[in-house]
Structures are given as structure tokens and as C-alpha cells.
Novice: 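I have a structure here, written as C-alpha cells, and I will follow up with some questions on it.
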Amino acid sequence: MEFRKDKFEDFYEVGEEIGSGQFAVVKKCKHLKTNDEFAAKIIKKKRAMASRLGVKMEDIKKEIVILQEMDHENVIRIYEVFENKTHVILVLELVSGGELFDFIAEKERLSEEEASAFVKQILLGIKHMHSKRIAHLDLKPENVMLLNKNSQNIKLIDFGLSRVIKQGEFHRDMIGTPEFVAPEVINYDPLSLATDMWSIGIITYILLSGCSPFSGKDQQQTYEKICQLTYDFTSKYFENTSDLAKEFIGMLLKRDPLSRASVEECLNHAWIQPSEKKQSENRRKSVINIG
Ligand SMILES: Nc1cc2c(nn1)-c1ccccc1CC2
């Protein structure tokens, strides 16, 4: 796999920083010929084998191959890749609405309709990934970006930990962010597409309550809580939450990956699919607006 060796700045004007990862910084950039705007994810290459800084070329290539395989409106698009001595630069679709994480922080909590609409789009993006046997493995509100400030459209980003999970083959990897990892990650048990479904349960819990179900005073306590599955809906924030929403979360926060709901089962769940009543209500409203 070869990347463009031209100087990135000869083709793009680099703008403000809009995000960052562990060894990456993401900046707005503008294509000089077309004036189109993109996001440039600038990843530092690992210099020497022993170095702890930077990303191995094989891992950068894994993220690129996965991004190139994606073709869905809820998954960030990749356009081209530049490489120089020290960095690899991914030219990505620009999303400028900020992280879902910040959106929740500002709003404290979301209505069930808002939360359900976000979760549905995350499920559609994950359905596309899982249909290609790709697991994201680092799903968290920071990796869900809003297309723009006032839109509900979201895009999944950061496939640095994503893996192709071949049928019947399981991966064992200690990866992901403590608060969002499934029990199998902590116990070094096989990871699978179901590992993403656990994280969607965590994200849904946070969208509805602003609280993170298993976060502890330190990583050790968080891991203990995840493995003991000590979570509940007693927080005052769940007083008005529907049983349907709690049932949806409950079918994802299951220890056994095989008993967790699949992405299709989630998309067919009543909390995601508005009930016939609500749909006819929406149709009636839209008729009145036209009328
Ligand atoms: N680790 C990250 C972090 C980010 C992004 N990608 N990877 C990103 C991708 C496209 C548009 C905007 C961003 C900013 C955050």
C-alpha cells in the first residue's frame, strides 16, 4: 500500500485543530484547488521499534484499510493519504459539530427521543461495520461526532483499535477505554462483534442519565464493577426513564457476549423503532404541516 509522498501543504491549507487522539492530531484543512474542506488526521509514525511514541505503520495501515472499506453516512469517510518521514496524514470527511460527549455535557441529559435518535444512528453505522465483520472496539461518546452543531446527524470516528473479526475466530486484546470496555476485554476472553454491543449499552445509559454505570474511583474499581456487573437504574436520573429504555440497556449489558442483543435485534427494538402510534402521529403531523 503506497501513500502520496508529495508535501501535504502544497495541496491543502492547514487550519485549526478540531480534535486529537493519543498519537494523532486532527486539523481542519482546505483543498487549495477546490476550496473543499476536510479533516486532516496527522498520525505520528513510530520511529524505532523500541520507541513508545507514535504508531506502528502496520497499525496505521489497518485503520486506513478499514476506513477505505466503509461506505455509510454514519461512518467517517477517507479520501486520500499522504506520508512523509515522520507522519502519515489521513484526509477525512470534515465533521464540525463536535463530539457527542460535549453535546451531552452541555445538555446534561437528553430526552428519550433525542437519545433514541442518536443511538439509532450509532446502530446503523455499527450495522454497516458488522456486516463487513469489522468491530470498532473503542465505541464511546468521544468517538461519535456530530455532523454540525445543530444537527442530530452523527458519524463514527477513530478506527485505530478496530479489527476484522473473521467468522468463528476471536481476538484477544487488552484494548479500549476502561469505562467502556466489556467484561471479555478485562478477562482477556475472546473479543467479538458483541463487544461493540456492550459499549452501545454504556453509551445509551450515559445519554439518558449523564452518569457512567461502572465508573469507579480508579481503573481497578471500574474493572471490578464491570466484571461484577454492578449497575442499576436507581440514580435519580432514571426516575422518568421508560421501562422500554431500561429493557434496551439490559439486553446489552450482559456478561455473556453470546447472550447480548445483536445490532439487528437492537434496531428492531421498540425503543428504537417508534411504535406504530408514534409513526402515525408523525405522519398526521407532517400532513397537517403540508395541508
Ligand atoms: N482520534 C480521532 C479524533 C478525531 C477524529 N479522528 N480520529 C476526527 C475525524 C474526522 C473529523 C474530525 C475528527 C476530530 C476528532
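Side chains are part of it too, since the values below use all heavy atoms of this structure and drop only hydrogens, waters and symmetry mates.
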Novice: For K254 and S259, test the side chains for any donor-to-acceptor distance below 3.5 angstrom and give the result as yes or no.
Specialist: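 Not at all, the side chains of K254 and S259 share no donor-acceptor pair under 3.5 Å.
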
Novice: Is the centre of the Y237 ring less than 6.0 Å from the centre of the Y205 ring?
Specialist: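 No; Y205 has its ring centre 6.0 Å or more from that of Y237.
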
Novice: In this structure, are over 12 heavy atoms from other groups packed under 6.0 Å from K27 atom NZ?
Specialist: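 Not more than 12 within 6.0 Å, no.
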
Novice: Provide the closest heavy-atom pair for D71 versus H128 in the form atom of the first, atom of the second, distance.
Specialist: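 Taking D71 first and H128 second, the nearest heavy atoms are N-NE2, 2.9 Å.
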
Novice: Show your reasoning for whether salt bridge (Lys or Arg N to Asp or Glu O under 4.0 Å) applies to K7 and E9.
Specialist: CA-CA 6 Å; K7 201 165 172 308; E9 287 77 6; 3.6 Å; yes

Novice: Taking salt bridge (charged side-chain N to carboxylate O under 4.0 Å, His left out) as the test, write out the residues that go with E13, two or more places apart.
Specialist: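 Checked E13 against salt bridge (charged side-chain N to carboxylate O under 4.0 Å, His left out); zero matches.
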
Novice: Taking the inter-plane angle between the rings of Y12 and F8 on a 0 to 90° scale, is it parallel (under 30°), tilted (30 to 60°) or perpendicular (over 60°)?
Specialist: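 Rings of Y12 and F8: parallel, under 30°.
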
Novice: If you group Ile, Leu, Val, Met, Phe, Trp and Tyr by side-chain heavy-atom gaps below 4.5 Å, do F101 and V26 land in one group?
Specialist: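 Different clusters.
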
Novice: Is any side-chain heavy atom of L137 closer than 4.5 Å to a side-chain heavy atom of S162?
Specialist: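 L137 does not reach S162 side chain to side chain.
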
Novice: What pair of heavy atoms forms the shortest contact from Q121 to Q152, and how long is it?
Specialist: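 In terms of heavy atoms, the two residues are closest at NE2-O, 2.6 Å.
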
Novice: Please say whether more than 12 non-hydrogen atoms of neighbouring residues, nucleotides or ligands are located less than 6.0 Å from NZ in K132.
Specialist: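 More than 12 within 6.0 Å, yes.
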
Novice: Where does the angle between the aromatic ring planes of F103 and F118 fall among parallel (under 30°), tilted (30 to 60°) and perpendicular (over 60°)?
Specialist: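 Perpendicular, since the angle between the ring planes exceeds 60°.
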
Novice: A194 and P257: which non-hydrogen atoms are nearest, and at how many Å?
Specialist: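 Taking every non-hydrogen atom into account, CB-O, 3.4 Å.
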
Novice: Using a strict threshold of under 4.0 Å (side-chain N to carboxylate O), is an ion pair present between E83 and K5?
Specialist: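 The answer is yes: the pair qualifies as a salt bridge.
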
Novice: Step by step, work out the side chain to side chain contact (heavy atoms under 4.5 Å, CB included) result for D158 and E63.
Specialist: CA-CA 8 Å; D158 201 345; E63 180 173 4; 4.0 Å; yes

Novice: Is the NZ atom of K246 crowded by more than 12 outside heavy atoms at less than 6.0 Å?
Specialist: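 More than 12 heavy atoms, drawn from other residues, nucleotides or ligands, come within 6.0 Å of this atom.
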
Novice: Would I134 end up clustered with L139 when hydrophobic side chains under 4.5 Å apart are linked, directly or stepwise?
Specialist: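 Same cluster: I134 reaches L139 through Ile, Leu, Val, Met, Phe, Trp or Tyr contacts under 4.5 Å.
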
Novice: Between E264 and H130, do the side chains contain a donor N or O and an acceptor N or O under 3.5 Å apart?
Specialist: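 Note: H130 and E264 side chains miss the donor-acceptor criterion.
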
Novice: Around atom CZ of R47, are there more than 12 heavy atoms from other residues, nucleotides or ligands closer than 6.0 Å?
Specialist: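 Atom CZ in R47 is not crowded, with 12 or fewer foreign heavy atoms closer than 6.0 Å.
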
